Protein chains: 2
Amino acid sequence: MTTTLKDIAKQLKTSVSTVSRALQNHPRISAEKTKKIQDLARELDYQPNSFAINLKKKTSKTLGVIVPELSLHFFSEILSGMDETAHRNGYQLLICQSGEKVEREKEQIQNLYKANVDGILVAVSKETSNFGNFDLLRKKGFPVVLFSRTHPNFPSVHSDDINGGFLATKHLIQQGCKTIAHIAGPWHLYATKDRQNGYLKALETYHLPINQSLIIHSDLEKESNIEAVHQLLNREQNFDAIFCFNDYVAYDIIQVLKEKQIITGKDVLIVGFGNQPISTQMEPKLTSVDQQPYQIGIKSIEMILNSINSKIETSIKQTEILETMLIVRNSTYH
Amino acid sequence: MTTTLKDIAKQLKTSVSTVSRALQNHPRISAEKTKKIQDLARELDYQPNSFAINLKKKTSKTLGVIVPELSLHFFSEILSGMDETAHRNGYQLLICQSGEKVEREKEQIQNLYKANVDGILVAVSKETSNFGNFDLLRKKGFPVVLFSRTHPNFPSVHSDDINGGFLATKHLIQQGCKTIAHIAGPWHLYATKDRQNGYLKALETYHLPINQSLIIHSDLEKESNIEAVHQLLNREQNFDAIFCFNDYVAYDIIQVLKEKQIITGKDVLIVGFGNQPISTQMEPKLTSVDQQPYQIGIKSIEMILNSINSKIETSIKQTEILETMLIVRNSTYH
DNA sequence: TTGTAGGCGTTATCAG
DNA sequence: CTGATAACGCCTACAA
């Protein structure tokens, strides 16, 4: 049996409320009695029942987090930052994954809501195009923060992908490249537009022609990536660089180039995005844009705690955009 | 305001208990009334208050999980399996990390315990040598399952590292290697002993001499790994293969060999352990022992649910050992 | 300074 | 079939 306030009260022949107060160091309880109570509590290894406290206080000090895929390094890095920050603030994390399925995502939102978490953070699944679920929550004044995979209508934390795309492309231009291709992601991801816009902006800024046939969209699956390079290779016009939507795309691309005896970093320069572990593990090491996932985690928690703690209208649209930076490695540097 | 049973009762001029029963499809409530109540509940978007239910039922349908590092792929893969299985069984996961610190681990155990989770799963931190915290919990009859980083006195789920080491070494022997070095992990990890024992067993089985100077321990940090190869290279006697404690060690080793113009897969064969993404991303691709982390996650949850649901003494020592298998790639195959 | 009483939202027991 | 009533463990006016 776990010990309760009542147990302590009974043993000390006092009342539950006195015990409760003593344990909270309430000033109006005599020092003597307080000590006695606290000692006994320690002795009996008293643990306040969180259910009762939650019920009373209507708060669980728990936040729900939904990620598409727990095992994607980018997300686990974010979670790491979240965990750190949440704990520093006395919160715990109820973490679950959507598996990139809208249905599952919806279900998880329900679960978390039912579990009475104090707020929900989510990186939306690839499939999600309808944000009704989130809107419903917000309508109820329930704190929601989107991170990484976001939507302009919600409080969000994500990296500055536009500038990331710009930096990547600018770097290629400065390395002397004239014909820079871009393998873009699927349209429904916000990041796709942003990275592509950064790419376009750099071309404009440095007065290079924009050629739509140099922009190829991939659904990010391996086959699609390979198909994308082939498309580029089959054009009559040559290219001397590729800015890839992410590091995994870059990896796949480079494998194909290798087969064709095209040397990355010399014949063709490649830049990835995400600065994932793969970028330093592959050969050649990949120049990539860092997104500070750990920081994304920290900022997301801070934002939601902010909206939980301020009784102010939580619907103020808030967006935190984290700086991206280019990490130069051998794939663009000979 | 969120709606409660009382609200519904009031509107329908009935009692709270009737509403409660109707919502649970209790057989002794008239079909008509049940329908009316359920309809209104849906309309008002009634959500049962989990705090109250938990308080009443003394169970939270929540499991606590502690991992050393959320962003290590091996663990996030395990978590993925856990999440899947937990949800299928109606449980949620409170996930946190120890950062490989005993202090932090202890704190997290306390947090989870206070949060009234129904059980705790943990992969112990590297620093942990004293299992007192876990013993305390077990003494109270509190369900604890260790996974991956385990201890023989507790219910555990981990991979068959002995056989993994055996398979890896046997493979090297069958590839014709005669002088096989082993870069082992730090002693306090159980896996270290197991993998090394597997290695020794294979040498014995195939009648190869055991040479202690071929076994070098590393603390798994990069410097330590590099130091380890150097030690091997400086021996008077040559070696033709290295079985590494894990894939990251293998990666570091291979980098050093490359610098020395020693060709992996030809001059020296290398086997890693873990079959992590890095093993297919590096060049050459690494032969490695797969540990089925996703399965570890599944089995761990099943084990703890088992001990939660069976009122039988939870202290039955239980151990689930998952099969390992060798994945052959270019680092041992020319 | 301390105790009593009521309530948080649900469930379960016991009458009716 | 339905409705009080108590209880889960804790907190907090309000009294004393």
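Letters go in sequence order (proteins before strands), and every chain restarts at 1. Quick caveat: nothing in here was measured; it's all calculated off a predicted structure.
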Please check: side-chain N/O of A/Asp118 versus main-chain N/O of A/Leu63, any donor-acceptor pairing under 3.5 Å? no
Quick one: is D/dG9 close enough that its OP1 or OP2 comes under 4.0 Å of any side-chain N or O from B/Lys58? yes
For B/Lys6, the side chain to side chain contact (heavy atoms under 4.5 Å, CB included) test, sequence neighbours excluded, returns B/Thr4, B/Lys10, B/Val16
Separation of D/dC11 P from A/Asn54 CG (nearest whole Å): 11 Å
Taking all atoms of both residues into account, what is the closest heavy-atom pair of B/Ala115 and A/Phe51, and its distance? O-CE2, 4.2 Å
Please step through side chain to side chain contact (heavy atoms under 4.5 Å, CB included) for the pair B/Phe147 and B/Ser156, ending with a clear verdict. CA-CA 5 Å; B/Phe147 62 92; B/Ser156 318; over 6 Å; no
Does any N or O in the side chain of B/Arg149 come within less than 3.5 Å of the main-chain N or O of B/Ala123, such that one atom is a donor and the other an acceptor? no
Modelled atom types, side-chain donor and acceptor of A/Gln38 and A/Asn25, under 3.5 Å: yes
Does A/Ser15 place a side-chain N or O at less than 4.0 Å from the phosphate oxygens OP1/OP2 of C/dG3? yes
Does the pair A/Lys36/A/Asp39 count as a salt bridge with the N-to-O cut at 4.0 Å? no
For A/Ser15 and A/Thr18: C-alpha separation, side-chain torsions, deciding distance, then whether side-chain hydrogen bond (donor to acceptor under 3.5 Å, both in side chains) applies. CA-CA 5 Å; A/Ser15 77; A/Thr18 304; 3.0 Å; yes
Euclidean distance, atom NZ of residue A/Lys13 to atom C1' of C/dT2 [Å, nearest integer]: 17 Å
Would you say B/Gln110 has more than 12 foreign heavy atoms packed within less than 6.0 Å of its CD? yes
Output the rounded distance in Å from CG (B/Leu12) to P (D/dG3). 10 Å
Quick check: are there more than 12 heavy atoms from other residues, nucleotides or ligands sitting under 6.0 Å from NZ of B/Lys140? yes
With 3.5 Å as the limit, what N/O pairs link the protein to nucleotides 12-15 of chain C?
{"residue": "C/dT13", "atom": "O4", "partner": "B/Arg21", "partner atom": "NH1", "Å": "3.3"}

Pair A/Glu302 + A/Arg88: basic N to acidic O under 4.0 Å: no
Residues touching DNA chain C, which here means a heavy atom under 4.0 Å, drawn from residues 112-120 of chain B: none
Atom-to-atom span, CG of A/Leu5 to P of C/dA5 - whole angstrom: 18 Å
Looking at A/Gln47, I'd like to know if its CD atom is crowded, meaning that more than 12 non-hydrogen atoms belonging to other residues, nucleotides or ligands lie closer than 6.0 Å. yes
For the residue pair A/Ser50 / B/Asn116, report whether a side-chain donor-acceptor contact shorter than 3.5 Å exists. yes
Just the rounded figure in Å: distance from P of C/dG9 to CG of B/Leu23. 15 Å
If you check every side-chain atom of A/Ile29, which of D/dC11, C/dT2, C/dT11 has the closest atom? C/dT2
Atom pair distance, as rounded to whole Å: NZ in A/Lys6 and P in D/dC11: 15 Å
Please give, in whole Å, the distance from D/dA7 C1' to A/Asn49 CG? 13 Å
Sugar-phosphate only, base, or nothing, as touched by B/Leu55 at under 4.0 Å among non-hydrogen atoms: base
Tell me the bend of the helix from C/dT1-D/dA16 to C/dG16-D/dC1 as the angle between end helix axes, each from five pairs, rounded to the nearest 10 degrees. 50°
A/Lys10 has an atom NZ; how far is it from atom P of C/dG3, in whole Å? 15 Å
Candidate nucleotides D/dG9, C/dT2, C/dT11, ranked by approach to the side chain of A/Ser30 - the nearest: C/dT2
Residue list, side chain to side chain contact (heavy atoms under 4.5 Å, CB included) with A/Arg104, at least two apart or on another chain: A/Lys101, A/Glu107, A/Gln108, B/Asp83, B/Glu84, B/His87
Heavy atoms within less than 4.0 Å of DNA chain D: which residues of residues 38-48 of chain B have one? Give them sorted by number. none
